[in-house]
Amino acid sequence: MNKLTPQDILADKGKRKITMLTCYDYSFAQILDEANIDIILVGDSLANVILGLDETSKVSFTEMLNHTKAVAKAVKHSLIIADMPYLSYQINPKKSINYAKKFIAGGAEAVKIEWFSGNASTTKGKECIYVIKNLIKNKIPVMGHIGLTPQTASSLGGYKVQGKDKDSALMLIKEAKILQDLGVFSIVLECIPYQISRLITKELKIPTIGIGAGKFCDGQVLVLYDFLGLYKKIKPRFVRSYKDLSSEIKVAIGKFIKEVTNGDFPNREESFSMKEDEWRALAKNLRLDDTL
Ligand code: KIV
């Protein structure tokens, strides 16, 4: 199966639904890739589910890069997108290009940028436009992200659904069109009423990928650890856990403890052994008890 490209994802708009999951390590990436997921996002949700931090804005570029490299080693088919962490572009927009180039050198094929909170005419909005324009000018494919943007959630009044009133709905529609005009190949819509994300999806020529944005988006994304029931600290309403791996793992660990305790693990097949005559000769040599 061929490697998917941003152009393939763009061409899928209106033809089929696009699937995306986050992933942060080699072993899971291999599973996701073999299961034919379209896009693997090395999301900055790594901060929460892997590093145990309370905010995504706290994850460092180096941490994100190391995990992107691990994922890239396993993937043959899915498109790999690295999430630009807050510290790599929102503090000093001019430096963003250097960081994005390192992600691409590390195996990502595109980067995702969260819209800076603030409308397009504010300093923050202009900085966001500058970052995206500059990356695309340097031939780095960009996925946008609007709605609830966790890196700047505090300036949005917390982790809240966005676009519920006239002004904020119009702002989202405007941001989506700006991103499309800048040349992003796709946009994540996070925590937006389904009516607004349906409208945005209809208005755009590029695919929308929803998370908490209803079923009318061109594709859907979930955080892998939510999807597998591994991260239990919070469970937003939009999360569907397809597995309760956390409970299954606890059952398996309970079994391991029991079998180690009662001597059932490891058995003969799971142990290395010497031929009996070799053992007896060695025991004799070392003056050891040769009882087996
Ligand atoms: O980091 C992440 O997991 C994300 C998804 C919520 C889209 O950005």
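For ligands, and for the atoms within them, numbers begin at 1 and follow the listed sequence. The first residue in the sequence is number 1, and the count goes up from there. As the structure is a computational prediction, the values presented were derived from the model and not from experiment.
With 3.5 Å as the limit, one finds no donor-acceptor pair spanning the side chains of Asn48 and Ser45. In the model, Thr152 has no side-chain atom that pairs as donor or acceptor with a side-chain atom of Tyr86 under 3.5 Å.
Aromatic ring pairs are classed by plane angle as parallel below 30°, tilted from 30° to 60° and perpendicular above 60°; the pair Tyr225 and Phe28 is perpendicular.
Contact atoms of ligand 1 toward Thr22: 3 (O) (distance under 4.0 Å to a heavy atom of the residue). Interface of Gly43 with ligand 1, defined as ligand atoms under 4.0 Å from a residue heavy atom, comprises 1 (O), 2 (C). Set against the non-hydrogen atoms of Val223, the atoms of ligand 1 under 4.0 Å away are 3 (O). Counting atoms of ligand 1 from 1 in the listed order, those under 4.0 Å from a heavy atom of Ile211 are 6 (C).
When only non-hydrogen protein atoms are considered, atom 4 (C) of ligand 1 lies nearest to Leu41 CD2, 3.7 Å. Protein heavy atom nearest atom 8 (O) of ligand 1, with residue, atom name and distance: Lys112 NZ, 3.0 Å.
Checking side-chain atoms of Ser88 against main-chain N and O of Tyr99 turns up no donor-acceptor pair under 3.5 Å.
For the ligand labelled ligand 1, residue Leu222 lies outside the 4.0 Å heavy-atom shell. Distances from ligand 1 to the non-hydrogen atoms of Met20 include no value under 4.0 Å.
The one candidate from Lys17, His77, Arg16 that meets the side chain to side chain donor-acceptor pair (under 3.5 Å) condition with Asp38 is Arg16. Applying side chain to side chain contact (heavy atoms under 4.5 Å, CB included) to Tyr231 and the options Ile50, Val49, Val239 leaves one that passes, Val49.
Residues Ile104 and Val131 fall within the same hydrophobic cluster, defined by Ile, Leu, Val, Met, Phe, Trp and Tyr side chains chained together at heavy-atom separations under 4.5 Å.
A salt bridge links Lys232 to Asp244: one of the charged nitrogens lies within less than 4.0 Å of a carboxylate oxygen.
At least one N or O atom of Asp44, backbone or side chain, sits closer than 3.5 Å to an N or O atom of ligand 1. For ligand 1, the polar-atom distance check against Ser45 finds a nitrogen or oxygen pair separated by under 3.5 Å. Annotation: Asp83 places an N or O atom under 3.5 Å from an N or O atom of ligand 1; distance criterion only.
The side chain of His145, and not its backbone, has at least one atom closer than 4.0 Å to an atom of ligand 1 (non-hydrogen atoms only; side chain from C-beta on).
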